[in-house]
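Data first, discussion second: the structure below is written as structure tokens.
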Amino acid sequence: MPMLSRRTWLRLLVPLLLSLLLIGALYTGGRYLLQRNGIQQLDWSGLGLSTAGLHLERLALRQHSSAGSLDVRAEGLLLGWRQFGLSLPFWQQIEVRRLALDWHAQAPSDNAEQAQSAPLDLQRLAAPLAIVPRQLHITELSVELPCAAGRCTARGDLRLQRSEDDRLALQLDLLQGEQRLNWTASLHQQDDALNLQLGLGVDGQAQIELHSQLSQRPETLAWSGELNAPQLSQAGALQQWLAAWLLPPGTQWPAAPGAASLTASWQLQLPRDDLSLAGLLAGSGAFAAEANLPQPWPVPGIGQVQGQLALAAHSEDAQWIAQRLEADLQLRPLGADWQAQLPPALRSEALHLRVRPGNALPQLRSELAGRALPLDIALEVQGATALDLQGTLAVANAAPWALQFADTRLTGTSKHLTQGGWQASGLKTTLRLGGYLDAQRLELDLAQGAQISAAALSGDALRLQQLQASIGGGILRARLQDGGLQDWQFKGPLNLTSKRLEQANLKPQGWRWQGQVEASSQSSMLRGKLSNDSALQLDLDASLDAQQRVRLKATLAELFLRSGNPLANTLAQWPELLELNNGRLNATAQLGLAPGSATPDLELNVTGKGLGGIYDRSELSGLDTRLHVKLAGQRFALNIAELRLEQANPGLPIGPIQAHGSYSATLAAPDQGQVQLGQAQAALMGGRVTLTPGQWQLGGDDLRFAVQLQGLELQQLFTLYPAEGLAGSGTLDGQLPLRLGKAGIEVEQGHIAAREPGGRLQFSSEKIKALGRSNPAMQLVTQSLEDFNFTTLNSSVDYDEHGKLRLGMRLEGQNPAIENGRPIHFNINLEEDIPNLLASLQLTDRVNEIITRRVQQRMLQRNTAPKEP
């Protein structure tokens, strides 16, 4: 066996002795050291020595502190003799074949928070660098840490080198699927500065570089740096790695594009005792960043963003001040959560935002004086509703945030929009805006020319075509709280125009509204004039109070019907047979609707003076009336306070007519109400016809009325009656029991009698005389009636639903020229078709052309109707 040299023995003996001393020290002082460093467990096995160094086949360690617990498991540990020293760390060269770290974090305690708030000392921070080995190589590194999925593991290999001037260089390669993330870091302390350089690459392609320097001052820390990612071509790989650590199981981000670029630089002065976000914002310095996304970049919850963005700001007296803001961004909100909160018609397909430096506003508000950043903004929204916003802004360049806008124009179009039971098509919006907005309030001014139009707007019972709303001059003021409007107020003019309005109770035509609107979060009021193409004009006041009660008052401007009747051309329910062409008419209506009620309270007052016209086949003139309609709950009432008609002419003149009464019923059965008549009388043939006052219930049996005839003059009757050679005088009184039923008007067993002392009849014509000459039995009758003085004239009266009048007359008197005036008695039965008689009277008189046409049409219908058996 060859002899070993002295030098060889020394090389083997010195490390062996040092190893024995180290093992002895660990054995004697190990318990103290373990407890001091929180090590609860330390196990190793496979200890061996060689010329290369100290070997450990397996090492297991568990450490616990206030921050959490750490489990360390190492295999194939080599502590190399090269650069071995007597001071810590003893070994400057360490190689590990496999190292596994398992970290379990623990909620920080109050003491930890106090320790974090202590002033930062770079010397103390850099002190551990002195005990880092010169070389460290971990072939297989596995680190298990908390993540969004619960626990995640990172695997790779690590190399660490420390130079003679204590500059650390770290290289960490992490496996991400089939790709490798290359992390590099360089840390070096120089005087009172700590320099850090970080690099990130994917499969050897550089992606991100960070240069940072942290310098210590007596009271502050100076932090400067640059972030460069000029060609972020492997963003997809970085996104996958982040998603694995940050996203819960079952969720994923949209795939990132293949290119992007980002640059940033900063120079900050920070407080040494507060390195939190609040401390960062409270620091001073400058910051600038630029980003370029040439391809759509997915942003969770927002959509895909593409374009350029540039920011710059500096801080003065703990106040950050924006210096630059430029953007040219396109957004496609694919799957964005905020899109689902909008109606389908307002959901956008793409947004394009452009922000450029602008000119200062000529009238800047005091809240922005000295701290305004002027910008020109353009926003385009594509989708079912297209919007275009362009204007000039003055944005607060420091907190508190605020913005003022002027000469801002918003235009929008939408082919179809459905909201709250309303459907609109062909919507167009043009708004000219100015105003102010901050965290507490909103002020919005609508300049002249602001309007909204729609080709069609329809609801359940209303349809409008070519609708246009002009709102220029309106002012909106509101207080903001929790992202919503509070205590808002709007005031301004409102002009509405519709070329055609369709509603079941109105005839289709154009309508216009012109007035003022005052609305707030508590109440609303509308006041102005409503008019239509038929020259109808209404003064309209509407209000909604804090209890959500609706009040409406409408006043009809006095109508002079000689120039036309707007009501007849407006109301679909206007009686077809009624035409008013003379006189004056006005009306007022008040409506109230309680919250939750489907039936409004309504009061309507109508006043007419000197009205004249036509109803059916009757001519009317000199009508004065006062009507009151009241609707409350489920009942309505009509009260005729006054009705006076100078004359009605259905073939014979009737009038003046006077009446007053009322009618009330339920809305469920409007035709089954109660009629109350206080007065109803009419002048007829020199006398008077009176309807006895009373009450009647509709909807049941036939209605019966007692009609009184007083003072009818035979002379006027014979003047109207178209019988040749008939004349006479006398006064008639009577009673007519009138029955009104579904079949029409009937009179049964009515009675008419002449007043004492009687009267005179003269009936002389060539036809009557010829009848007497041809029939001796009729000769005495014809001669007697030529000059008959009667003392008694009684007649029964019957009238059926077909218009047949039957009179059973008893006539007693004498003719002085016959047999010295001996008494003569007649029993005469007469039958007359009253409708045809009145028609004949109307056709023989010079009446209105409309009446003539209606009479002829009515006679034709009666003559062609099938005869009853």
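The figures that follow rest on heavy atoms only: side chains count, while hydrogens, waters and symmetry mates do not.
- Between the side chain of Asp533 and the main chain of Gly510, a donor-acceptor pair closer than 3.5 Å is present.
- Side-chain N or O atoms of Glu646 include none that pairs as donor or acceptor with a backbone N or O of Leu623 at under 3.5 Å.
- The closest side-chain heavy-atom distance from Leu620 to Leu611 is not below 4.5 Å.
- Smallest separation of non-hydrogen atoms from Pro566 and Gly564: CD-O, 3.4 Å.
- Of all heavy-atom pairs between Gly474 and Pro493, the closest is N-CD, 4.1 Å.
- Checked for salt-bridge contact, Arg527 and Asp541 meet the test: a charged N lies under 4.0 Å from a carboxylate O.
- Residue Leu393 holds its CG atom at 8.0 Å from CG of Leu361, rounded to the nearest 0.5 Å.
- Using a distance-only test at 3.5 Å, with no hydrogens or angles considered, a donor-acceptor pair links the side chain of Trp696 to the main chain of Arg704.
- With rounding to the nearest 0.5 Å, the separation of CD1 in Ile614 from OG in Ser621 is 11.5 Å.
- For the residue pair His416 / Ser414, no side-chain donor-acceptor distance below 3.5 Å is found, with atom types taken as modelled.
- Side-chain contact, Ser534 with Gln509: a donor N or O sits under 3.5 Å from an acceptor N or O.
- The 12-atom threshold is exceeded at CG of Leu667, counting heavy atoms of other residues, nucleotides or ligands nearer than 6.0 Å.
- Pairs engaging residues 372-394 under the salt bridge (Lys or Arg N to Asp or Glu O under 4.0 Å) rule: Arg354-Glu380 [sequence neighbours left out].
- Atoms CG and OG, on Leu540 and Ser531 in that order, are 11.5 Å from each other to the nearest 0.5 Å.
- Residue Gln514 is tested with Leu494, Leu496, Leu530, Asn495 for a side chain to side chain contact (heavy atoms under 4.5 Å, CB included); the sole match is Asn495.
- Residue Asn397 comes nearest to Ala372 through the heavy atom pair ND2-N, 4.1 Å, listed as atom of the first residue, atom of the second, then distance.
- Inter-residue side-chain proximity for Leu506 and Leu571 is flagged as met; some heavy-atom pair is nearer than 4.5 Å.
- Among residues two or more places apart in sequence or in another chain, the ring pair (Phe, Tyr, Trp, His ring centres under 6.0 Å) test is passed with Phe490 by none.
- Using a 4.5 Å cut-off on side-chain heavy atoms (C-beta onward), Leu387 and Thr411 make no contact.
- Thr625 contributes a side-chain N or O that, together with a main-chain N or O of Glu642, makes up a donor-acceptor pair within less than 3.5 Å.
- Under a 4.0 Å N-O distance rule, the pair Glu443/Arg365 qualifies as a salt bridge.
- In terms of modelled atom types and a separation under 3.5 Å, the side chain of Lys507 and the main chain of Ala568 share a donor-acceptor contact.
- In this structure, CG on Leu627 lies 6.0 Å from CG on Leu638, to the nearest 0.5 angstrom.
- In this structure, the side chain of Thr692 engages the main chain of Ala706 through a donor-acceptor pair within 3.5 Å.
- Side-chain contact between Gln695 and Gln674 is present, with at least one heavy-atom pair separated by less than 4.5 Å.
- A side-chain N or O of Arg479 and one of Gln481 form a donor-acceptor pair less than 3.5 Å apart.
- Pairs engaging residues 550-574 under the side-chain hydrogen bond (donor to acceptor under 3.5 Å, both in side chains) rule: Asn532-Thr570, Arg562-Asn582 [sequence neighbours left out].
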Give the C-alpha distance, both sets of side-chain angles, the deciding distance and a yes or no for side-chain contact (heavy atoms from CB on, under 4.5 Å) between Asp601 and Leu593.
CA-CA 6 Å; Asp601 294 335; Leu593 182 63; over 6 Å; no

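- A donor-acceptor contact shorter than 3.5 Å is absent between the side chain of Glu518 and the backbone of Leu526.
- Checking side-chain atoms of Gln547 against main-chain N and O of Arg549 turns up no donor-acceptor pair under 3.5 Å.
- For the pair Ser348 (side chain) and Ala350 (backbone), a donor-acceptor distance under 3.5 Å is absent.
- Taking each heavy atom of Asn581 and Gly613 in turn, the nearest pair found is OD1-CA, 3.7 Å.
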How far apart are the C-alpha atoms of Phe405 and Thr392, what are their side-chain angles, what is the distance that settles it, and do they pass the side-chain contact (heavy atoms from CB on, under 4.5 Å) test?
CA-CA 6 Å; Phe405 47 96; Thr392 301; over 6 Å; no

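- Using a cut-off of 4.0 Å between Lys/Arg side-chain N and Asp/Glu carboxylate O, Asp539 and Lys529 are scored as salt-bridged.
- Side-chain contact between Leu403 and Asp438 is absent, with no heavy atoms from C-beta onward closer than 4.5 Å.
- Considering only heavy atoms from C-beta on, Pro656 comes within 4.5 Å of Arg644 through its side chain.
- For the pair Arg371 (side chain) and Ala398 (backbone), a donor-acceptor distance under 3.5 Å is present.
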Using the side-chain contact (heavy atoms from CB on, under 4.5 Å) rule, take Leu431 and Ile471 through it: C-alpha gap first, then chi angles, then the decisive distance, then the call.
CA-CA 9 Å; Leu431 301 179; Ile471 53 178; 3.9 Å; yes

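- For the pair Trp401 and Leu437, the minimum side-chain heavy-atom distance is below 4.5 Å.
- Here the options are Ile640, Val675, Leu677, the test is side chain to side chain contact (heavy atoms under 4.5 Å, CB included), and the partner is Tyr663; only Val675 passes.
- Using a 4.5 Å heavy-atom cutoff, the side chains of Leu389 and Thr408 are in contact.
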Applying side-chain contact (heavy atoms from CB on, under 4.5 Å), run through Leu331 and Leu353 and close with a yes or a no.
CA-CA 8 Å; Leu331 169 65; Leu353 174 65; over 6 Å; no

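- Counting non-hydrogen atoms of neighbouring residues, nucleotides and ligands closer than 6.0 angstrom, the CG atom of Asn586 exceeds 12 such neighbours.
- Within 6.0 Å of CG in Asp460 there are 12 or fewer heavy atoms belonging to other residues, nucleotides or ligands.
- When each of Val355, Val305, Leu351 is checked for a side chain to side chain contact (heavy atoms under 4.5 Å, CB included) with Leu329, only Val305 meets the rule.
- Crowding of Asp671 atom CG: a count of heavy atoms from other residues, nucleotides or ligands under 6.0 Å exceeding 12.
- The shortest heavy-atom contact between His660 and Ala641 is CB-O, 3.7 Å.
- To the nearest 0.5 Å, atom CD1 of residue Ile475 and atom CG of residue Asp445 are 5.5 Å apart.
- Across Leu480 and Ala439, no two heavy atoms sit closer than the pair CB-O, 3.6 Å.
- Rounded to the nearest 0.5 Å, atoms OG1 (Thr588) and CG (Leu604) are 7.0 Å apart.
- A salt bridge does not link Asp487 with Arg441: none of the charged nitrogens is closer than 4.0 Å to a carboxylate oxygen.
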